[in-house]
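Sequential numbering from 1 along the given sequence is applied to the chain's residues. Both ligands and their constituent atoms are indexed starting at 1 by order of listing.
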Amino acid sequence: MAERKKADYVVVGSGAGGGTITHELTKRGRKVLVLERGPDIRWVGNHAFAIAVLDKHGFLTSKEGMGVARALCTGGSSVVTCGTSSRPPKGVFEKHGIDLTPYLEEGEKQLGVTTLPDDVIGEGVLALLEAGNRLGMNWVKLQKFIDPAKCEPRFCNCMLGCAKGAKWTSRVLLDEAASMGAEVLPNVKVEEVIVQQGEATGVRAWRKGRGELVVEADRVILAAGGMGTPVILQKSGLYEAGTGFFCDPLAFTIGYHPRLKAGFAPPMTVGTFDFWDSDGFLLSPVVDPWISLALEALKAKPSRILYWPQYPRTMGIMTKAKDELAGRISIDETFSKQLTHRDQSVLDKGGSIARKVLIEAGCDPTTIWTTKARGAHPGGTVRIGEMLDTDLQTEIKGLYVCDASVIPDSLAAPVVLTLVALAKRLADHLEPTGASAGNQGHKEKTLR
Ligand SMILES: Cc1cc2nc3c(=O)[nH]c(=O)nc-3n(C[C@H](O)[C@H](O)[C@H](O)COP(=O)(O)OP(=O)(O)OC[C@H]3O[C@@H](n4cnc5c(N)ncnc54)[C@H](O)[C@@H]3O)c2cc1C
C-alpha cells in the first residue's frame with residue numbers, strides 16, 4: 001500500500017526556485033510539502049561532498065559528450081554556486097510583459113547581495129581586473145550573495161559548498177520554512193503529476209527505502225530544475241517539455257603566474273559584461289577546484305598535468321556564453337546537447353580575449369590553455385510563452401513550474417537571483433492577500 005500525504009501545495013525540488021516558493025507560501029500560512037529527490041547532506045565544503053551530490057558524480061554528459069553540472073540534494077545547485085548574483089539581461093522577461101524589478105530588488109536584499117572587499121578577492125584576481133582595464137575593457141567587482149564577514153578563502157572553493165556558511169543557498173529558506181511548519185522530505189523522487197479532469201491534484205513519487213508515496217495537494221509546483229521538470233512533465237503527458245534548452249556553456253582559459261596566487265581565490269568576484277550585449281558572453285576569473293582541474297587538464301592535453309602542482313599560482317578566466325536553444329531532454333533522463341557553430345565561435349572569441357588578459361596580468365604565454373566547454377545552468381526547457389502562461393501555469397490547471405526551465409532564453413549569466421524573483425512573483429500571484437501581510441496562519445482549508 002502506498003504511503004499517502006496531504007498538503008495545500010506540493011513543491012517538487014528544493015533548489016533556488018523550490019526553496020524560495022516554499023518559503024514564501026509557508027510565510028503566507030500555507031501547508032507546504034517539499035519532495036526532494038536527493039539526500040540532505042550537510043558536510044559541505046570538500047570534494048567528497050561535490051562528488052556525492054553532483055549528478056553522475058560530476059560526469060553527467062549529453063549523448064554527444066558535452067558535460068553539464070547539476071546537484072541533486074537539498075538546496076539543489078544553489079549549494080554549489082560561485083555565489084555570484086546578476087539581474088537578467090533586459091528584454092528576456094519584459095517581452096512577455098513580465099516586470100521582475102520589484103522582486104529582484106527584494107531578492108537582492110534577502111540574499112544580502114554585495115561586492116567583496118579586496119582582501120577576500122585576493123591579489124591575483126585583482127591583477128586580472130587591472131589587466132582587463134589596462135586593455136581598455138570595463139572590469140568591475142561582481143555582485144555576490146556571500147557574507148564577506150564569514151568568508152575565509154584559504155583552501156576552499158565555493159563550488160564544493162561553503163563550510164563557513166558565508167554563501168547563500170536555498171537551504172537557508174528551506175530551514176526557515178521548516179521552522180514555520182513546512183515539511184521537507186529528502187530522498188523522494190517524483191515520477192508524475194496526478195491529473196483528474198484536466199486539473200492537477202497531486203503527485204506520485206518513490207521514497208528511497210520506503211516505496212510509493214502519493215501526495216494529494218490543491219496545487220502542484222514543479223521546481224525540479226531545467227533537466228528534472230521536463231522529465232516529470234513528459235511522464236505526465238506534456239510531451240513537448242524538454243525540446244530545446246540552454247546551458248550557458250562555459251570554458252576556462254588557464255595560465256600560470258610566476259608570482260601571484262589566484263588558485264584558491266573565491267570564483268567570479270570580478271569580471272566584465274562588456275561583450276554581453278554585442279557578442280553574448282561574460283568574462284570572469286574562475287579556477288576549477290583542484291581535482292577537477294587535473295581532470296580537465298588531462299582531457300585537454302595530458303602534458304598540462306605537469307602544471308598541476310602549481311595550482312596556487314593558477315589563474316583562470318571563464319567565458320560564459322549565451323547558447324542557442326538546441327538539444328532535448330528525454331523521458332528516460334538522457335539528453336542531447338552539443339554546441340552549435342555559433343556557440344563555439346562565441347566561446348572562441350571569449351577565450352582569445354581571456355588569453356590577452358592573462359598575458360597582460362603577467363602569465364607565461366606558453367602555459368595558457370583552454371578547457372573543453374561544459375554547461376552549468378540547464379534551463380529553458382518549459383519556456384514562458386510556449387508551454388507556460390505568464391503566471392507560470394501549464395495547460396493543466398493547478399500545475400505550475402518554478403525553476404530555470406521557465407526562462408525563455410539563455411541568460412549567459414548567474415541564474416539564482418532571477419529564480420528567487422520569479423518565485424516571489426509566483427507567490428504573489430498564488431497568494432495575493434498574504435503578500436504584504438506575512439504569516440497569516442492557515443485560514444482557508446482549501447484553495448479551490
Ligand atoms: C558549479 C555551478 C556554479 C554555479 N554558480 C552560480 C552562481 O555563481 N550564481 C548563480 O546565480 N547561479 C550559479 N549556478 C547556476 C545555478 O546554481 C542554477 O542555475 C540554479 O540553482 C538552478 O535552480 P533550479 O531551482 O532551477 O534547480 P536546481 O537547483 O537544479 O534544483 C532542482 C532540485 O530538484 C530536485 N529534483 C530533480 N528531479 C526531481 C524529482 N523527479 N523529484 C524530486 N526532486 C527532483 C534536484 O535534486 C534538485 O535539488 C551554478 C551552477 C553550477 C552547477
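In this structure, Lys322 does not pair ionically with Asp277, as no charged nitrogen and carboxylate oxygen lie closer than 4.0 Å. Contact check on Asp118 versus Lys141 returns a salt bridge, with a Lys/Arg side-chain nitrogen under 4.0 Å from an Asp/Glu carboxylate oxygen. Glu106 and Lys109 are not joined by a salt bridge, as no carboxylate oxygen comes within less than 4.0 angstrom of a charged side-chain nitrogen.
Checked by atom type and distance alone, the side chain of Gln143 never pairs as donor or acceptor with a backbone atom of Ser86 at under 3.5 Å.
Within ligand 1, the atoms closer than 4.0 Å to a non-hydrogen atom of Leu419 are 20 (C), 22 (C), 23 (O), 24 (P), 25 (O), 26 (O), numbered from 1 in the order shown. Here is the list of ligand 1 atoms found below 4.0 Å of a heavy atom in Leu35: 43 (C), 44 (N). Residue Ala223 has at least one heavy-atom neighbour below 4.0 Å for each of these atoms of ligand 1: 32 (C), 33 (C), 34 (O).
The shortest distance between side-chain heavy atoms of Lys337 and Ile329 does not fall below 4.5 Å.
Under a 4.0 angstrom heavy-atom cut-off, Cys158 registers as lying outside contact with ligand 1. Under the 4.0 angstrom criterion for non-hydrogen atoms, Val188 is in contact with ligand 1.
Between atom 31 (O) of ligand 1 and the options Ala16, Pro39, Gly15, Cys73, the minimum heavy-atom separation is to Gly15. Nearest residue to atom 9 (N) of ligand 1 from Thr81, Thr84, Val80 is Thr84 (criterion: closest heavy atom). Looking at Gly13, Ala50, Ala224, it is Ala224 that brings a heavy atom closest to atom 32 (C) of ligand 1.
Taking any N or O of Lys189, backbone or side chain, none lies under 3.5 Å from an N or O belonging to ligand 1. Looking at ligand 1, you'll find an N or O of Gly83 within less than 3.5 Å of one of its N or O atoms. At under 3.5 Å, not a single nitrogen or oxygen of Ile232, backbone or side chain, sits near a nitrogen or oxygen of ligand 1. Residue-to-ligand polar distances place Val416 within reach of ligand 1: an N/O pair is separated by less than 3.5 Å. For the pair Val415 and ligand 1, the shortest N or O to N or O distance falls below 3.5 Å. Not one N or O of Gly228 is nearer than 3.5 Å to an N or O of ligand 1, by distance alone. Checking only distances, Gly75 never comes within under 3.5 Å of ligand 1, N or O to N or O. For Asp403, no nitrogen or oxygen atom sits less than 3.5 Å from a nitrogen or oxygen atom of ligand 1, counting backbone and side chain alike.
Taking the salt bridge (Lys or Arg N to Asp or Glu O under 4.0 Å) definition, one finds that Asp274 meets it with nothing, sequence neighbours left out.
Atoms CG and OG, from Asp403 and Ser77 in turn, are 10.5 Å apart once rounded to the nearest 0.5 Å. Atom OG1 of Thr74 and atom CG of Asp40 lie 3.5 Å apart (nearest 0.5 Å).
Taking the six-membered ring for Trp and thresholds of 30 and 60 degrees, Phe281 and Phe275 have nearly parallel ring planes, at less than 30 degrees apart.
For Lys63, the NZ atom sits in a packed shell: over 12 heavy atoms of surrounding residues, nucleotides or ligands are nearer than 6.0 Å.
With hydrogens left out, the protein atom closest to atom 25 (O) of ligand 1 is Gly17 N, 3.1 Å, a heavy atom. For atom 15 (C) of ligand 1, the closest heavy atom belonging to the protein is His377 CD2, 3.1 Å.
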